[in-house]
Student: 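The structure is given below, and queries will be raised subsequently.
Numbers for residues simply follow the sequence, beginning at 1.
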Amino acid sequence: MTATETASAWPAPRRKLEKVVIAYGGRGGSDDALAVGTWIAASTGDQPVVTTVYPKEPVTVLPGIGADWVKTLQADARAVQARAQEYVRAHEEVPVKPQYRVVGASSAAAGLDQVAERTQALLLVVGSSGKGVHRRVSNNHTANRLLQGSPVPVLLAPRGFAERRPGSPLDRVGCAFVPTREGRNALRQAAGLAQRARARLEVFTVLGPTAEQPRDDDRARRDFFERTRTAMGEAVRAEADGLSGDLEVGIHLLDGDVVNSLAALDSEDCQLLVCGSRGYGPVRRVLLGGVVERLARRAATPLVVVPRSAR
């Protein structure tokens, strides 16, 4: 493929841009977050907002000293942003010129949360822990705080993603679906992202053991499982058929443990996996349940966690 053909594969900028807020602190998983965030923005034709947060707390020292210290922190943050700009310049497929923001806040999570909410971001992208398993998601302190309070979907970048950034647009968006309000919300979000990227939507539903299945009769257990599989397949297909647009959808029914099955998905199955947060807690906030919390430590693909009632 020639350079011209490669460039033409990326979509043109959209008339109505969404914002993809990217956390960039210059270390840890920052490069992975920048790689995922700019790749997603390039795939959808939206605008990256690269954000660096510096500490901003009331300083109870002599007048003038506190102000000088804040200026030093701001200068350090701008130097970090300069490294991000070098990375973006090296990846010319990003169709929309990024915004670069330096924000003072009481914590990195608070500053990112503020930017994401003000811009009504499509996604908020953060990197994994620098101590995590290579090619796996592993949420760090900032990511963990965002996952407990973000008003917008949070994308966790797997460790080492910057080293294997795809050279072509996103073409397979996955969704971990269960027939609940949160599952349907995640499906709508995944479908919207797939439509923006002109990608195929892959829906994954895991049929794990349930308390209702017969325990002592093998034949009854097989019959129960087949009925459950048929009913779930029909429910997933009905949800997929209700999605708007001419979206191409694949449906996959997986067997076994939910976390193990979803964590085993790789780029051949989907290039990004969307899942919903649990069904209680503050509305329009991410709140992790047991399955998503464990998956957030083990997923092989970039993982998007959707708040309840996200726009």
Student: Atom CG in Leu187, atom SG in Cys275: separation rounded to 0.5 Å?
Tutor: 12.5 Å

Student: Do Glu202 and Cys175 have side chains that get closer than 4.5 Å, going by heavy atoms?
Tutor: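 Sidechains of Cys175 and Glu202: no contact.
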
Student: Has the side chain of Arg298 got a donor or acceptor atom that lies under 3.5 Å from a matching backbone atom of Ala263?
Tutor: no

Student: Report yes or no: does Gln189 contribute a side-chain atom to a donor-acceptor pair with the main-chain N or O of Pro153 at less than 3.5 Å?
Tutor: no

Student: Just wondering, do Val152 and Leu123 contact through their side chains at under 4.5 Å, heavy atoms?
Tutor: no

Student: So, taking the atom named CG in Leu122 and the one named CD1 in Ile40, what distance separates them when rounded to the nearest 0.5 Å?
Tutor: 9.0 Å

Student: Under the side-chain contact (heavy atoms from CB on, under 4.5 Å) rule, what do Ile251 and Arg237 come out as? Steps first, then yes or no, please.
Tutor: CA-CA 7 Å; Ile251 294 176; Arg237 172 52 65 186; 3.4 Å; yes

Student: According to side-chain contact (heavy atoms from CB on, under 4.5 Å), who are the partners of Asp76, at least two apart in sequence or on a separate chain?
Tutor: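 Residues passing side-chain contact (heavy atoms from CB on, under 4.5 Å) with Asp76: Thr72.
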
Student: Not counting sequence neighbours, which residues clear ring-ring contact (aromatic ring centres under 6.0 Å, His included) with Phe204? List them please.
Tutor: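 Partners of Phe204 by the ring-ring contact (aromatic ring centres under 6.0 Å, His included) criterion, ordered by chain and then number, come out as His252.
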
Student: For the residue pair Tyr24 and Gln81, confirm or rule out a side-chain donor-acceptor distance under 3.5 Å.
Tutor: no

Student: Donor-acceptor check, side chain of Gln271 to backbone of Asp171, threshold 3.5 angstrom: yes or no?
Tutor: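 Here the side-chain-to-backbone pair exists.
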
Student: Below 4.5 Å, heavy atoms only, C-beta onward: do Val36 and Arg165 meet side chain to side chain?
Tutor: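 Val36 does not reach Arg165 side chain to side chain.
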
Student: Is a side-chain donor or acceptor of Thr301 paired with a backbone partner of Leu272 at a separation under 3.5 angstrom?
Tutor: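 No: the side chain of Thr301 does not pair with the backbone of Leu272.
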
Student: Can you tell me how far the CG atom of Leu112 sits from the OG atom of Ser107, to the nearest 0.5 Å?
Tutor: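 Output value for this atom pair is 8.5 Å.
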
Student: Do the side-chain N and O atoms of Arg172 and Ser267 include a donor-acceptor pair separated by under 3.5 angstrom?
Tutor: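 No.
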
Student: Less than 4.5 Å apart, any side-chain heavy atom of Glu239 and any of Arg184?
Tutor: yes

Student: Check whether Trp39 reaches the backbone of Leu34 with its side chain - one donor and one acceptor, N or O, closer than 3.5 Å.
Tutor: no

Student: Rounded to the nearest 0.5 Å, how far does CG of Leu156 lie from CG of Leu273?
Tutor: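 One finds 11.0 Å between CG of Leu273 and CG of Leu156.
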
Student: Going through the checks in order, is the salt bridge (Lys or Arg N to Asp or Glu O under 4.0 Å) test met by Arg227 and Asp223?
Tutor: CA-CA 6 Å; Arg227 290 197 304 271; Asp223 289 345; 5.1 Å; no

Student: Any donor and acceptor pair, going by atom type alone, linking the side chain of Asn260 with main-chain N or O of Asp257 inside 3.5 Å?
Tutor: no

Student: I would like to know whether Val115 and Val103 meet side-chain contact (heavy atoms from CB on, under 4.5 Å); could you show each step before the answer?
Tutor: CA-CA 8 Å; Val115 173; Val103 178; 3.7 Å; yes

Student: Dump the intermediate steps for side-chain contact (heavy atoms from CB on, under 4.5 Å) on Leu201 and Glu248, then the final yes or no.
Tutor: CA-CA 6 Å; Leu201 177 63; Glu248 185 178 357; over 6 Å; no

Student: Is a salt bridge present between Asp255 and Arg229, judged by a nitrogen-to-oxygen distance below 4.0 Å?
Tutor: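 A salt bridge is present here (some side-chain N lies under 4.0 Å from a carboxylate O).
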
Student: Run the salt bridge (Lys or Arg N to Asp or Glu O under 4.0 Å) test on Arg196 and Asp46 for me, step by step, so that the C-alpha distance in whole Å, both residues' side-chain angles and the decisive distance to 0.1 Å come before the verdict.
Tutor: CA-CA 9 Å; Arg196 293 188 79 79; Asp46 290 310; 2.7 Å; yes

Student: About how many Å separate OG of Ser261 and CG of Leu295, when rounded to the nearest 0.5 Å?
Tutor: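 These two atoms lie 10.5 Å from each other.
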
Student: Any sub-3.5 Å donor-acceptor pair from Asp32's side-chain atoms to Phe161's backbone N or O?
Tutor: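 Yes: the side chain of Asp32 pairs with the backbone of Phe161.
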
Student: Would you say the side-chain atoms of Ser30 pair up with the backbone N or O of Gly25, donor to acceptor, closer than 3.5 Å?
Tutor: yes

Student: Distance alone, cut at 3.5 Å: any donor-acceptor contact between the side chains of Gln99 and Arg101?
Tutor: yes

Student: Measuring from atom OH of Tyr100 to atom CD1 of Ile22, what distance do you get when rounded to the nearest 0.5 angstrom?
Tutor: 8.5 Å

